[in-house]
Amino acid sequence: MANGRQASAKRMKMAERAQQHMNVHFPGFHPAWIWTRKTNDGFSTMPRTMPIVMQIIDAQTKGQPAGHTLFCLWARSQDHPVLMIENPATFAAEAGFIGERAVDTWRKRMRQLRDLWFIQTKPGASGEFHYVLLTNPNAAVEWMRSQKKVQDVLYSRFIDRLMDVGAYGEIEAVHEVWRAEQAAAVAAAATSVSATSVSVPPPPSPNISK
């Protein structure tokens, strides 16, 4: 399993290899028709697993697919997990919802994403979703898996991609958090039982005369 440094080196080698292929197959292609993060503005950082994450979300929210709604939130993030949504209509339109009920439809999708732990929210001036915290989508998928909400075929594809990009450690971190929370819960329960149990007085000393 690749660690962060190994994954970074792998990506560099892949980028160099892609550039070599470009020199061979697309030589002299005008840069005006090419978008790269290093030279173009208007980009957002998001996990490479996002396409599969969106499939998993859509499979769980059949009839009201919410995967694209999550993608639009990430596309609006400023490399920070917290978003402030001052105009829900703008986000609804970018998610593809139109008409009089566009914002209501968008809010339903947002509630689905919240229920599946892809976002956390707090109300504000614009309503229920003024403040939005984007959680790690890889961790959210693992939570869905623990709740039997992910099909085997999609989960296998997700894990393969996660390992391919060197991010499987995020799943291990989630399980470590769960183990720590379970241990803390057990310890708290034991303490509670000890505190509420009836004290039994010790037997009298045999040296004390009656």
Side-chain angles (χ1 to χ4, degrees), residues 1-62 65-85 87 90-98 106 109-110 113 116-119 132-145 150-174:
M1 187 183 304
N3 57 31
R5 182 175 299 177
Q6 291 170 333
S8 178
K10 179 180 179 181
R11 287 193 295 270
M12 181 63 69
K13 290 180 180 178
M14 291 177 66
E16 293 173 351
R17 183 178 180 183
Q19 183 60 49
Q20 291 175 356
H21 283 300
M22 184 170 183
N23 295 338
V24 173
H25 300 292
F26 308 100
F29 205 83
H30 198 288
W33 293 99
I34 298 174
W35 193 99
T36 64
R37 178 174 176 173
K38 293 181 179 180
T39 59
N40 293 80
D41 296 323
F43 59 86
S44 180
T45 305
M46 64 183 68
R48 290 179 181 270
T49 55
M50 188 62 74
I52 302 174
V53 169
M54 292 169 63
Q55 291 179 38
I56 291 172
I57 293 172
D58 289 347
Q60 180 62 29
T61 56
K62 290 180 179 178
H68 187 66
T69 301
L70 179 65
F71 174 82
C72 290
L73 294 175
W74 276 87
R76 280 274 180 171
S77 70
Q78 301 294 325
D79 278 350
H80 192 281
V82 173
L83 285 170
M84 285 193 300
I85 299 180
N87 188 353
T90 298
F91 283 77
E94 289 189 356
F97 306 124
I98 59 176
W106 174 78
R109 302 299 196 276
M110 292 289 284
L113 293 174
L116 295 175
W117 277 90
F118 287 96
I119 62 173
V132 176
L133 172 68
L134 297 172
T135 65
N136 183 339
N138 297 329
V141 167
E142 190 65 11
W143 177 84
M144 287 180 63
R145 180 66 175 180
V150 184
Q151 302 171 8
D152 289 347
V153 63
L154 288 176
Y155 186 71
S156 294
R157 193 180 306 161
F158 167 74
I159 290 297
D160 287 344
R161 184 59 176 150
L162 204 64
M163 296 181 70
D164 185 50
V165 301
Y168 189 80
E170 296 174 17
I171 300 304
E172 295 176 324
V174 167

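Checked against side chain to side chain contact (heavy atoms under 4.5 Å, CB included), V153 has the following partners two or more places apart in sequence or in another chain: Q151, R157. Residues that satisfy the side chain to side chain contact (heavy atoms under 4.5 Å, CB included) test with D160, not counting sequence neighbours, are absent from this structure. Applying the side-chain hydrogen bond (donor to acceptor under 3.5 Å, both in side chains) test to T36 and every residue at least two apart in sequence or in another chain returns T39. Applying the side-chain hydrogen bond (donor to acceptor under 3.5 Å, both in side chains) test to S77 and every residue at least two apart in sequence or in another chain returns S44. H80 is linked by a ring pair (Phe, Tyr, Trp, His ring centres under 6.0 Å) to nothing, counting only residues two or more places apart in sequence or in another chain. A search for side-chain hydrogen bond (donor to acceptor under 3.5 Å, both in side chains) contacts involving D41 returns nothing, not counting sequence neighbours. Residues passing the side chain to side chain contact (heavy atoms under 4.5 Å, CB included) test with H25 are H21, sequence neighbours excluded. Here A93 pairs with nothing under the side chain to side chain contact (heavy atoms under 4.5 Å, CB included) rule; sequence neighbours left out. Not counting sequence neighbours, the partners of E94 by the salt bridge (charged side-chain N to carboxylate O under 4.0 Å, His left out) test are R76. Every side-chain hydrogen bond (donor to acceptor under 3.5 Å, both in side chains) that Q19 has, sequence neighbours left out, goes to N23.
To the nearest 0.5 Å, atoms CZ (R109) and CG (L113) are separated by 9.5 Å. Atom CG in D79 sits 9.5 Å away from atom CE in M46 (nearest 0.5 Å). Atom CD1 of residue I85 and atom CG of residue L73 lie 5.5 Å apart, to the nearest 0.5 angstrom. Here M84 contributes atom CE and Q78 contributes atom CD; the two are 10.5 Å apart, rounded to the nearest 0.5 Å. In this structure, CG on L70 lies 11.5 Å from CD1 on I56, to the nearest 0.5 angstrom.
Residues L162 and I171 come closest through the heavy atom pair CD2-CG1, 3.1 Å. Of all heavy-atom pairs between W74 and T45, the closest is CE3-O, 3.6 Å. Taking all atoms of both residues into account, the shortest heavy-atom contact from P65 to D58 is CB-OD1, 3.3 Å.
Contact annotation: the side chain of V150 never approaches that of W143 to less than 4.5 Å [non-hydrogen atoms, C-beta and beyond]. With contacts defined as side-chain heavy-atom distances shorter than 4.5 Å, the pair I159/R145 does not qualify.
The environment of M22 atom CE is dense: over 12 non-hydrogen atoms of other residues, nucleotides or ligands sit within 6.0 angstrom. More than 12 heavy atoms of other residues, nucleotides or ligands sit less than 6.0 Å from atom CZ of F97.
A distance-only check finds no donor-acceptor pair linking the side chain of N40 to the backbone of W35 [under 3.5 Å].
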Solution key, residues 132-142 side-chain donor-acceptor pairs under 3.5 Å, sequence neighbours excluded:
residue	atom	partner	partner atom	Å
T135	OG1	W117	O	2.6
T135	OG1	F118	O	3.1
N136	OD1	N138	N	2.9
N136	ND2	E170	OE1	3.0
N138	OD1	T49	OG1	2.5
N138	ND2	E170	OE1	2.8
E142	OE1	Y155	OH	2.7
E142	OE2	Y155	OH	3.2
E142	OE2	H175	NE2	2.7

Checklist line | side chain to side chain contact (heavy atoms under 4.5 Å, CB included) assessment of M144 paired with V53 | finding: CA-CA 11 Å; M144 287 180 63; V53 169; over 6 Å; no
